[in-house]
Amino acid sequence: MTVKTLTLHGRRLRLHDHLPHASESDEAVVLLHGIAGSAETWAPVLERCARLGRRVLALDLPGHGESEAPRADYGLGALASTVRDVLAVSGVRHATVVGHSLGGGIALQFAYQFPEMCDRLVLVGSAGLGPEVSPVLRAAALPGAPATMALAVNRVTLALARAAARLGRRLGGSLKTETRELVRHFASLADPARRRAFLFIARSLIDLRGQRASAVDKLYLAEAVPVLLVWGERDPLIPVAHGRRTAALLPNSHLTVLENVKHFPHVAEPDRFCALLNEFLAETAPARLTLDDVVTRLTTPEPLA
């Protein structure tokens with residue numbers, strides 16, 4: 001797995017890129033992390049995915065991880081365009097897009113904007129499929145949210161939290177895998193630039209009533225795209241009901257709900273997740289849509305109810 005830095009539009013982006021010596025196909029898999037995350041969230045599955053015989057790419061989205069966090073457009077359309085640009089300069093013309101949480105919303109937007117490049121969709125606890133969302137995320141829309149976050153998550157409070165965690169480990173305690181991952185996500189917000197990016201994204205997608213951004217009315221355009229939905233039964237941030245409703249709207253999709261798993265199925269059960277992904281890739285053919293295909297579906301009456 002090669003880690004490199006790309007410069008796109010004058011800004012740095014970090015990319016993990018695995019290119020097998022003898023690839024079995026021209027298909028690639030691109031992994032998109034969630035809000036406040038980074039490509040590191042895929043660490044439990046990157047090596048396993050790399051064994052699939054396909055090229056695997058995982059990037060730090062703008063404002064996340066080791067990528068730059070400029071004052072810029074962090075809307076789904078802009079982020080999907082960034083994914084397109086990364087794939088294009090990496091020589092990838094077709095990809096299975098795997099998105100977790102915010103990354104799922106970006107994957108859906110990518111399929112909408114660039115259908116000719118989207119072979120398949122894998123949506124993991126995905127955003128953009130219903131209004132219901134955790135009150136913690138809705139709170140980002142409150143007027144005082146920037147100041148509150150700055151007081152709650154900063155370098156001082158992060159240092160105190162790490163000291164408490166070290167003490168807890170010495171006393172024999174430990175955090176569960178998904179809890180550690182969630183803490184790592186929130187810890188990234190101690191950086192002012194990443195905190196600003198978080199607020200830009202959250203406020204562009206969520207208000208006090210829940211998620212505004214929704215792909216549900218456009219799902220009919222993805223009827224020909226193989227879709228795998230993976231959800232944690234106990235997801236407290238984005239409810240599993242979103243996955244079940246989406247599976248009902250896309251009869252050819254496949255939904256797997258993992259018991260005793262919350263918002264990070266790929267972290268909680270990486271072996272199971274990779275097995276599901278491998279099976280999905282092996283048993284489905286890439287969509288390879290053209291603009292004519294999209295026009296035909298756009299003009300067909302009675303889209304998905």
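Just so we're clear, the structure is a prediction, and the values are computed from it rather than from any experiment.
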Of all the heavy-atom pairs spanning [X] and [Y], show the shortest one and how long it is.
X: V225; Y: L121; value: CG1-N, 4.0 Å
X: G125; Y: I238; value: O-CD1, 3.4 Å
X: F198; Y: A36; value: CD1-CB, 4.2 Å
X: A285; Y: P226; value: O-CG, 3.3 Å
X: L123; Y: G104; value: CD2-O, 3.7 Å
X: T246; Y: S253; value: O-OG, 4.4 Å

**Study point:** Pairwise salt bridge (charged side-chain N to carboxylate O under 4.0 Å, His left out) hits with a residue in residues 130-151, at least two apart
**Key:** E132-R245

Exercise for review: Evaluate whether atom CZ of F200 has more than 12 neighbouring non-hydrogen atoms of other residues, nucleotides or ligands under 6.0 angstrom away.
Suggested key: yes

**Study point:** Within 6.0 Å of CZ in R212, more than 12 heavy atoms from elsewhere
**Key:** yes

Pairwise distance [atom1]([X]) to [atom2]([Y]) - rounded to 0.5 angstrom:
X: L46; Y: L31; atom1: CG; atom2: CG; answer: 6.0 Å
X: L229; Y: L250; atom1: CG; atom2: CG; answer: 7.5 Å
X: R54; Y: H18; atom1: CZ; atom2: NE2; answer: 12.0 Å
X: L137; Y: D207; atom1: CG; atom2: CG; answer: 12.5 Å
X: T5; Y: L15; atom1: OG1; atom2: CG; answer: 9.0 Å
X: L219; Y: L249; atom1: CG; atom2: CG; answer: 6.0 Å

Revision key, fill the gap. By side chain to side chain donor-acceptor pair (under 3.5 Å), H16 pairs with (sequence neighbours left out) none

Exercise for review: Tell me, please, which residues at least two apart from D17 pass side chain to side chain donor-acceptor pair (under 3.5 Å).
Suggested key: K4, R55

Practice item. Dump the intermediate steps for side-chain contact (heavy atoms from CB on, under 4.5 Å) on V86 and L13, then the final yes or no. Key: CA-CA 9 Å; V86 168; L13 291 170; 3.8 Å; yes

Practice item. Evaluate the side-chain contact (heavy atoms from CB on, under 4.5 Å) criterion for residues V230 and L258: first the C-alpha distance (whole Å), next the side-chain angles of each, then the deciding distance (0.1 Å), finally the verdict. Key: CA-CA 8 Å; V230 183; L258 302 180; 4.3 Å; yes

Check your understanding: Would R184 and E40 count as a side-chain contact (heavy atoms from CB on, under 4.5 Å) if you check the C-alpha gap in whole Å, the side-chain angles of each, and the deciding distance to 0.1 Å?
Key -> CA-CA 10 Å; R184 188 152 65 97; E40 300 298 332; 3.1 Å; yes

Heavy atoms, side chains only, cut-off 4.5 Å: are [X] and [Y] in contact?
X: V227; Y: F280; value: no
X: Q211; Y: I206; value: yes
X: S126; Y: L108; value: yes
X: L32; Y: V98; value: no
X: L281; Y: T96; value: yes
X: V257; Y: L255; value: yes
X: L228; Y: T284; value: no
X: H64; Y: S188; value: no

Residues 260-277, side-chain donor-acceptor partners within the protein, below 3.5 Å, at least two apart:
residue	atom	partner	partner atom	Å
H263	ND1	D235	OD1	3.1
H263	ND1	D235	OD2	2.7
H263	NE2	S101	OG	3.0
H266	NE2	T41	OG1	3.1
D271	OD1	R48	NE	2.6
D271	OD1	R48	NH2	3.4

Under the salt bridge (charged side-chain N to carboxylate O under 4.0 Å, His left out) test, which residues partner [X], sequence neighbours left out?
X: R12; value: E68
X: E178; value: none
X: R244; value: E233

Point to revise | Audit row: V240, H242, side-chain contact (heavy atoms from CB on, under 4.5 Å) steps and yes/no | key: CA-CA 5 Å; V240 67; H242 291 196; over 6 Å; no

Are the side chain of [X] and the backbone of [Y] linked by a donor-acceptor contact shorter than 3.5 Å?
X: S134; Y: V136; value: yes
X: R203; Y: A140; value: yes
X: R194; Y: A187; value: no
X: R93; Y: A88; value: yes
X: H185; Y: E181; value: yes

Review point. Would you say the side-chain atoms of T290 and D293 include a donor-acceptor pair closer than 3.5 Å?
Key: yes

Point to revise | Co-membership, hydrophobic cluster, residues V3 and V45, 4.5 Å side-chain | key: no

Practice item. Report yes or no: do Y112 and L298 belong to one cluster of Ile/Leu/Val/Met/Phe/Trp/Tyr joined by side chain heavy-atom distances under 4.5 Å? Key: yes

Review point. Mind checking what makes ring-ring contact (aromatic ring centres under 6.0 Å, His included) contact with F114, not counting sequence neighbours?
Key: F110

Could you pull out all donor-acceptor pairs under 3.5 Å where a side-chain atom in residues 56-63 meets a protein atom, sequence neighbours excluded?
residue	atom	partner	partner atom	Å
D60	OD1	A39	N	2.8
D60	OD2	R14	NE	2.8
D60	OD2	R14	NH2	3.0
D60	OD2	E66	N	2.8

Point to revise | Which residues share a side chain to side chain contact (heavy atoms under 4.5 Å, CB included) with L291, sequence neighbours left out | key: V295

Review point. Can you name the residues that form a side chain to side chain contact (heavy atoms under 4.5 Å, CB included) with D85, not counting sequence neighbours?
Key: L8, H9

Donor-acceptor pairs are to be reported for all side-chain atoms of residues 71-80 against protein atoms at under 3.5 Å, with residues two or more places apart or in another chain.
residue	atom	partner	partner atom	Å
D73	OD1	G75	N	2.8
Y74	OH	P70	O	2.6

Exercise for review: For the residue pair H100 and W42, categorise the inter-ring angle as parallel (less than 30°), tilted (30 to 60°) or perpendicular (more than 60°).
Suggested key: perpendicular

